[in-house]
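Heads up: the structure comes next, in structure tokens.
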There are 2 protein chains.
Amino acid sequence: MVEKDIAAELKKRGFKLTHQRKAIISVLGNCREHLKPADIHQRLHKKYPGIGLVTVYRTLELLQENGLLCEVHIGDSCRSYLKRQRPGEHHHHLVCRDCGRVADFTDCELDRLKQRLERETGYRINRHLLEFMGLCPQCQIREV
Amino acid sequence: MVEKDIAAELKKRGFKLTHQRKAIISVLGNCREHLKPADIHQRLHKKYPGIGLVTVYRTLELLQENGLLCEVHIGDSCRSYLKRQRPGEHHHHLVCRDCGRVADFTDCELDRLKQRLERETGYRINRHLLEFMGLCPQCQIREV
DNA sequence: TTTATAAATGAAAACAATTTTCATTTAGCG
DNA sequence: CGCTAAATGAAAATTGTTTTCATTTATAAA
């Protein structure tokens, strides 16, 4: 999904395409790291000063509710977001602990484990959270 | 690890064993759900009124730093804790979305996936977060 | 193109969660 | 028992997030 797709998706669902929303989408779209609300607000300031932090929060909520972005849990904060690459697709993240860059992967190979756990514990499982953290190729070089 | 072990561990590392700490450890020790700081504070109030929320925060930090409790990420909040069953052991959680009860499991079968991802992405992985969410046996019955 | 209108925005205030400060208390040692 | 550093509680400060409300704006209809 590129910026245009996200914009189109919002429009399709009857939401207005404001300057602010476009700007926020653009920040997320040009970024491979996960960002906290305050990070996004700060980045906005350079190009589009005057957009309020409140609007950032509201737009993130809107995008989130419409499945247009995803959260990253591992690492520092708990509210860190990322543009969703493909709408609706089940996927997971590989997060760089230095620069925050995120790579996606889709096949999590957890079916067998899930079934074993259901059998052993009696839980009925319907959701899982899986993220890997490490160093991306660039940060490995930088680290030496 | 039972309460006594946790207490002993703290003592061994030169921390004082105060009433408050014992009380907090006891709340965590008698509980199979994950609890937020405010939850713990509330539960303390019944048996040991007068323990401040600040002390709860400080004690949780202490226990956390000493590897005596673990966090739960999936679900509502981001700061939810649980007594660690065995010190230092690599393990994961299965969380009930209704009652919050947590079951542990140790073998996460992620080695193969980890290796595949390292090969495919070039990331060097050194940590992962894996949690399952569902319904525990009791909450399945209650749900019908 | 202009107009009407509901939706979106920004600023300030409110709220919630967490941390800091500091004076007082206490565990654990001698 | 008395000493001392560590721990506590209460209040204040800080940080992150949400609500309120008057104003602005995107969009659809005229």
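None of these values were measured; they are calculated from a predicted model. As a basis for the values below, the full set of heavy atoms in this structure was taken, side chains included, without hydrogen atoms, waters or symmetry mates. In the text below, chain A, chain B and the rest are named by the order of the sequence lines, each starting its count at 1.
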field: Interatomic distance, Phe15(A) CZ vs dA28(D) P [rounded to whole Å]
entry: 14 Å
- prompt: Within the pair Thr18(B) and dA6(D), is there a side-chain N or O less than 4.0 Å away from OP1 or OP2?
  reply: no
task: Give a yes or no on whether the ring-centroid distance for His93(A) and His34(A) is below 6.0 angstrom.
output: no
field: Between dA6(D) (C1') and Lys16(B) (NZ): distance, integer Å
entry: 4 Å
message: Using whole Å, what does the distance between atom P of nucleotide dT15(D) and atom OH of Tyr57(A) come to?
response: 13 Å
message: Using a heavy-atom cut-off of 4.0 Å across all strands, would you classify Lys36(A) as base, sugar-phosphate, or nothing?
response: nothing
- line: Rounded to whole Å, NZ of Lys11(B) lies from P of dA7(D) at a distance of 13 Å
- request: Measure from CZ on Arg58(B) to C1' on dT20(C) and round the result to the nearest Å.
  value: 9 Å
- prompt: Can you tell me how far C1' of dT18(D) sits from CG of Leu60(A), to the nearest Å?
  reply: 14 Å
- prompt: What about His128(A) and His92(B), are their ring centers closer than 6.0 Å?
  reply: no
query: Is there a donor-acceptor pair closer than 3.5 Å between any side-chain N or O of His45(B) and the backbone N or O of Arg43(B)?
result: no
- line: Whole-Å distance, Leu17(A) CG to dA28(D) P, equals 11 Å
task: Would you mind telling me which residue lines up with the more 5' stretch of DNA chain D, Arg21(B) or Val54(A), judged by nearest nucleotide?
output: Arg21(B)
- prompt: For His19(B) and dT8(D), is the shortest distance between a side-chain N/O and OP1 or OP2 below 4.0 Å?
  reply: no
field: Most 5' of Glu61(B) and Gly52(A) on DNA chain C, judged by nearest nucleotide
entry: Gly52(A)
Short side-chain N/O contact to dG9(D) OP1/OP2 from Gln20(B), under 4.0 Å: yes
task: Determine: side-chain N/O of Arg79(A) to OP1/OP2 of dT18(D), distance under 4.0 Å, yes or no.
output: yes
task: State plainly whether the residues Glu143(A) and Arg97(A) are in salt-bridge range, i.e. N to O under 4.0 Å.
output: yes
query: Rounded to whole angstroms, how far apart are CD on Gln64(B) and C1' on dT18(C)?
result: 15 Å
task: Please round to the nearest 0.5 Å and tell me the distance separating atom OG1 of Thr106(A) and atom NE2 of His90(A).
output: 8.5 Å
